[in-house]
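What follows is a set of notes on a single structure, which appears directly below.
A quick note: this is a predicted structure, and the numbers were derived from the prediction, not measured.
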Amino acid sequence: MTATESITTSRPRKLRPGVSAAAPANAAKIGVSGKGFNIAAAIILTVFAIIWLIPSLFALKTSLSDNGVAALGANAILSNWNPTLYSYSTLFRSGDIWNWYLASGVTSLVTTALTVLFASMAAFALSRLAFRGRNVAFLLIILGIMIPTQVLIIPIFQELNAVNLLNTYWSVIFPQVPAVIAVFIFKQFFDGIPKELEEAARIDGAGMWKIYWSVILPLSRPVIAAVAILTFVGVWNNLLLPLFVLSNPDLMTIPVGLATVQGSFGQRYADIQAGAILAALPLIILYLIFQRQIVEGVTGSGLKG
């Protein structure tokens, strides 16, 4: 061994400031524990996915069975291996499903558009405007979340009856436009937008409406998409309100229409399940297309854990 090699081997390894010799071991431990956590999380998510899929697959199996077989119970449904599209063809041939789709589509789209508009305007006022009683107004709005919708059905019915709006699309639309949770989500998101942008717009001569329409809303596309989709799904699936305010079969929404699917000898379970699957298809497609916007909007609104 030469002198140079001796010096090289005997010289202690120089560590970077703030890094101990145990760092690689700690990093390895963190890597192992992180990998174990990912495996455990994947197993748990898989179990929950299977639990969620079982009722959905059973509903699909029921819709592909005969009404007589479906009426016998789960054992008969699971043991029947003669699938049929009779329930789907019955719904399409009767024409009712198309009326339900139209009613649900019109009420859901109009309600969603009005909810996004008015909720964002209210949230902008609560987030950006300084006026006396702003905190009290926001507190009262939040307290509205604690009021069950079922408690308001009778007063809503009486009000709609007084203005002759029963048995119209507006009787389903108007009561669902004031969405407290939408105002809350929008306000939380608007609070996170830097006020320097608003001040810059004011220097350029923009008024409050211009700031709201041209500055705040373009920056709020993720939360607008999230609120719009959540509102659409809620209105589409609403049963109680349309059931009370609609008696015209041509105006019934899908949940109300499914409640009327019955025969002379009881409920037609296969037809009901077929209608439920057809009703859920637009929502599933909508979520698959806009799932990224839903996640971004909700997490950006301050609702994250």
Which atoms form the tightest heavy-atom contact between Ser56 and Trp52, and what is the distance?
OG-O, 3.4 Å

Cluster link Ile145 to Ile147, ILVMFWY, side chain under 4.5 Å:
yes

Grab the two heavy atoms, one from Thr115 and one from Ala182, that are nearest each other, plus how far apart they are.
CG2-CB, 4.1 Å

Do side-chain atoms of Ser104 reach the backbone of Ile254 as a donor and acceptor pair under 3.5 angstrom?
yes

Is the CZ atom of Phe48 crowded by more than 12 outside heavy atoms at less than 6.0 Å?
no

Any chance you could measure Leu126, atom CG, to Ile141, atom CD1, to the nearest 0.5 Å?
5.0 Å

Rounding to 0.5 Å, atoms OG1 (Thr231) and CG (Leu109) come to a distance of 12.0 Å

Does Asp204 CG have over 12 foreign heavy atoms under 6.0 Å away?
yes

Inspect the surroundings of CZ in Arg134 and state if more than 12 heavy atoms from other residues, nucleotides or ligands are less than 6.0 Å away.
yes

Closest approach of Leu246 and Thr168, non-hydrogen atoms and distance?
CD2-O, 3.7 Å

Shortest non-hydrogen pair, Leu197 vs Val215, comes out as CB-CG1, 4.3 Å

Under a 4.5 Å cut-off applied to non-hydrogen side-chain atoms, are Phe124 and Leu217 in contact?
no

Can you say whether the rings of Phe174 and Trp170 are parallel (under 30°), tilted (30 to 60°) or perpendicular (over 60°)?
parallel

Would you say Ile272 ends up clustered with Phe58 if hydrophobic residues are merged whenever their side chains have heavy atoms under 4.5 Å apart, either directly or through other cluster members?
no

Could you walk me through whether Arg128 and Lys195 pass the side-chain contact (heavy atoms from CB on, under 4.5 Å) check?
CA-CA 9 Å; Arg128 287 297 197 259; Lys195 292 189 177 181; 4.1 Å; yes

Kindly work out whether a path of hydrophobic side-chain contacts (I/L/V/M/F/W/Y, heavy atoms less than 4.5 Å apart) joins Ile77 to Leu53.
no

Tell me whether Leu60 is reachable from Trp81 by hopping between hydrophobic residues (I, L, V, M, F, W, Y) whose side-chain heavy atoms are closer than 4.5 Å.
no

Run the numbers on Leu240 and Asn238 for side-chain contact (heavy atoms from CB on, under 4.5 Å), then give the verdict.
CA-CA 6 Å; Leu240 189 61; Asn238 194 344; 4.3 Å; yes

Any non-hydrogen side-chain atom of Val183 less than 4.5 Å from a side-chain atom of Phe118?
no

Output field: ring centroids Phe244/Phe157 closer than 6.0 Å:
no

Point-to-point distance, once rounded to the nearest 0.5 Å, from CG of Asn38 to NZ of Lys35
10.0 Å

Donor-acceptor pair, Tyr212 side chain versus Gly207 backbone, under 3.5 Å?
no

Which heavy atom in Ala206 sits nearest to a heavy atom in Lys210, and how many Å separate them?
CB-CG, 3.7 Å

Is the backbone N or O of Ala270 less than 3.5 Å from a side-chain atom of Asn67, with the two atoms forming a donor-acceptor pair by type?
yes

Do Tyr269 and Ser65 have side-chain N/O donor and acceptor atoms under 3.5 Å apart?
no

Leu102 and Tyr169: CA distance, side-chain angles, deciding distance, side-chain contact (heavy atoms from CB on, under 4.5 Å) verdict:
CA-CA 11 Å; Leu102 177 63; Tyr169 287 148; 4.2 Å; yes

Decide if the gap between the ring center of Phe190 and the ring center of Phe186 is smaller than 6.0 angstrom.
yes

Strictly below 4.0 Å, N to O, side chains only: are Arg202 and Glu198 in salt-bridge contact?
yes

Just jot down the salt bridge (charged side-chain N to carboxylate O under 4.0 Å, His left out) partners of Asp191, sequence neighbours excluded, or say none.
Lys187

Is the centre of the Trp236 ring less than 6.0 Å from the centre of the Phe232 ring?
yes

Single-linkage hydrophobic cluster Ile142~Phe131, side-chain heavy atoms < 4.5 angstrom
yes

Atom CG in Asp250, atom CG in Asn99: separation rounded to 0.5 Å?
5.5 Å

Do the side chains of Val245 and Val172 get nearer than 4.5 Å, heavy atoms only?
yes

Are the side chains of Pro282 and Ile285 in contact, using a 4.5 Å heavy-atom criterion?
no

Atom pair NZ (Lys61) and CG (Leu57), whose distance is rounded to the nearest 0.5 Å
11.5 Å

Apply the test side-chain contact (heavy atoms from CB on, under 4.5 Å) to residues Thr107 and Thr253: give CA-CA distance (whole Å), side-chain angles for both, the deciding distance (0.1 Å), then the verdict.
CA-CA 9 Å; Thr107 55; Thr253 59; 4.2 Å; yes

Hey, could you give me the OG/CZ distance between Ser120 and Phe189, rounded to the nearest 0.5 Å?
12.0 Å

Shortest non-hydrogen pair, Pro175 vs Leu241, comes out as CB-CD2, 3.9 Å

Does OH in Tyr86 sit with more than 12 non-hydrogen atoms of other residues, nucleotides or ligands closer than 6.0 Å?
no

What I'd like to find out is whether the side chain of Asn248 reaches to under 4.5 Å of the side chain of Met252, using heavy atoms alone.
no

Just so I know, are the side chains of Leu239 and Val256 near enough to count as touching, which here means a heavy-atom distance under 4.5 Å?
yes

Assign the ring pair Trp213 / Trp209 to parallel, tilted or perpendicular, where the plane angle (0 to 90°) is split at 30° and 60°.
parallel

So does Gly105 get a backbone contact from the side chain of Ser108, meaning a donor-acceptor N/O pair under 3.5 Å?
no

